[in-house]
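What you see below is based on every heavy atom in this structure, not just the backbone, and it leaves out hydrogens, waters and symmetry mates. Since we're looking at a predicted model, the values are computed, not measured. Along the sequence shown, the residues carry numbers beginning at 1.
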Amino acid sequence: SGLLERIRAWPEVKHATGRLFDSLTLVRADGRTNNKGELLRCTPSAVGVDFTLEPTFRQHEFVSGGMPGASDEIVLDPAAAEELQAQVGDVLEVQRFGEPIMLKVAGIFDRPRLPAVQRPLIEIDRTVLEDSAGHAGELTSIVIIVREGENVDEFCRRHSAAVEGF
């Protein structure tokens, strides 16, 4: 995350945000089970984002609800919502060693379904994902928007050495 702060300080950068990709196992906090008596459980791909910055980089269409307004809120794709039988307002628990992490469903975002090639997907506050997955201070990608008029190829050539090895 130190690299993210350095990139934000570059004069050509208008906006930059970090993302963390991992997976989490979620269960319903209310203990709801399926018709076989098994706890409803889902292990989706998880994208840790900064929800305050995310609308600058990517807009979601929501089936219900909307973007989280707090770090203990989460958004699900339809596949994750279906597996967990979750709706906006439901509380989910991250299954992990240590203190439980409870997350309230703020929204379900629209996502085309490709069942044979796609896992369920969630977006979660990046710091919560860092904590729950044991990746404090780590990022898997940094998304950059350069200032208008900036040549992207030149920008990349100028700064490539600064990001090598990360």
Side-chain angles (χ1 to χ4, degrees), residues 1-26 42-81 84 86-94 96 99-112 118-166:
S1 60
L3 178 60
L4 176 59
E5 294 311 315
R6 281 187 282 164
I7 289 171
R8 285 179 172 155
W10 293 344
E12 311 93 333
V13 173
K14 184 174 182 178
H15 301 287
T17 192
R19 295 201 175 124
L20 177 63
F21 296 86
D22 209 319
S23 60
L24 293 176
T25 298
L26 299 171
C42 181
T43 304
S45 297
V47 183
V49 300
D50 180 338
F51 284 118
T52 60
L53 298 175
E54 196 61 14
T56 302
F57 295 91
R58 182 175 52 183
Q59 296 289 319
H60 282 304
E61 295 288 327
F62 283 90
V63 176
S64 61
M67 287 297 276
S71 64
D72 65 346
E73 295 181 335
I74 186 172
V75 293
L76 313 173
D77 78 347
L84 293 161
Q87 299 176 17
V88 171
D90 288 347
V91 178
L92 306 174
E93 179 182 338
V94 176
R96 68 182 198 129
E99 291 294 314
I101 297 175
M102 301 298 185
L103 301 167
K104 184 177 179 182
V105 178
I108 299 171
F109 60 91
D110 193 21
R111 181 180 185 213
Q118 162 184 92
R119 289 176 59 192
L121 179 69
I122 63 168
E123 289 189 4
I124 183 172
D125 179 271
R126 189 179 75 232
T127 60
V128 173
L129 183 58
E130 288 176 13
D131 179 45
S132 61
H135 296 293
E138 295 180 23
L139 299 173
T140 49
S141 67
I142 296 175
V143 183
I144 301 168
I145 298 174
V146 295
R147 296 191 186 283
E148 193 167 328
E150 183 66 37
N151 181 300
V152 174
D153 291 332
E154 289 295 320
F155 171 82
C156 292
R157 274 193 282 287
R158 277 193 308 274
H159 295 289
S160 63
V163 297
E164 285 180 13
F166 281 93

Table please: side-chain donor-acceptor pairs of residues 101-111 below 3.5 Å, with sequence neighbours left out.
unit_1	atom_1	unit_2	atom_2	d
Arg111	NH1	Asp77	OD2	2.6
Arg111	NH1	Arg119	O	3.0

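Note that CZ of Arg19 and CD1 of Ile142 are 11.5 Å apart. Values are rounded to the nearest 0.5 Å. The distance from atom CG of Leu26 to atom CD1 of Ile122, rounded to the nearest 0.5 Å, is 4.5 Å. Between Leu92 atom CG and Cys42 atom SG the span is 9.0 Å, to the nearest 0.5 Å. Distance CD/Gln59 to OG1/Thr56: 8.0 Å, rounded to 0.5 Å. Met67 CE to Thr52 OG1: the interatomic distance, rounded to the nearest 0.5 Å, is 9.0 Å.
Among residues two or more places apart in sequence or in another chain, the side-chain hydrogen bond (donor to acceptor under 3.5 Å, both in side chains) test is passed with Arg158 by Glu12, Glu150. With sequence neighbours excluded, no residue satisfies side-chain hydrogen bond (donor to acceptor under 3.5 Å, both in side chains) with Ser71. With sequence neighbours excluded, no residue forms a side-chain contact (heavy atoms from CB on, under 4.5 Å) with Pro11. Applying the salt bridge (Lys or Arg N to Asp or Glu O under 4.0 Å) criterion to Asp90, with sequence neighbours excluded, gives Arg28. For Glu154, the side-chain hydrogen bond (donor to acceptor under 3.5 Å, both in side chains) test picks out Arg157, with sequence neighbours left out. Residues forming a side-chain contact (heavy atoms from CB on, under 4.5 Å) with Val13 (at least two apart in sequence, or on another chain): Ile7, Trp10, Ala16, Ile144, Phe155. Residues meeting the side-chain contact (heavy atoms from CB on, under 4.5 Å) test with Ser160, sequence neighbours left out: Glu164. In this structure, the side-chain hydrogen bond (donor to acceptor under 3.5 Å, both in side chains) partners of Arg58, at least two apart in sequence or on a different chain, are Glu54, Glu123.
Across all non-hydrogen atoms, the minimal contact from Leu3 to Ala162 is CD1-O, 4.0 Å. Leu129 and Val47 make their closest contact through CD2-C, 4.2 Å (heavy atoms, listed as atom of the first residue, atom of the second, distance). Listed here is the closest heavy atom pair of Phe51 and Asp125: CE1-N, 3.3 Å. For the residue pair Gly66 and Val75, the shortest heavy atom distance occurs at O-CG1, 3.6 Å.
A side-chain donor-acceptor contact under 3.5 Å links Thr140 to the backbone of Phe21.
Leu139 places a side-chain heavy atom less than 4.5 Å from the side chain of Leu4. Using a 4.5 Å heavy-atom threshold, the side chains of Leu121 and Pro44 count as separate. Taking 4.5 Å as the limit, some side-chain heavy atom of Asp131 sits within range of a side-chain heavy atom of Arg96. Under the 4.5 Å side-chain criterion, counting only non-hydrogen atoms from C-beta, Leu53 is not in contact with His15.
Applying the salt bridge (Lys or Arg N to Asp or Glu O under 4.0 Å) rule to pairs touching residues 59-74 yields nothing, sequence neighbours excluded. Listed by first and then second residue, the ring-ring contact (aromatic ring centres under 6.0 Å, His included) pairs involving residues 127-152 amount to none (not counting sequence neighbours).
Among Thr127, Thr25, Val94, the single residue meeting the side chain to side chain contact (heavy atoms under 4.5 Å, CB included) criterion with Ser132 is Val94.
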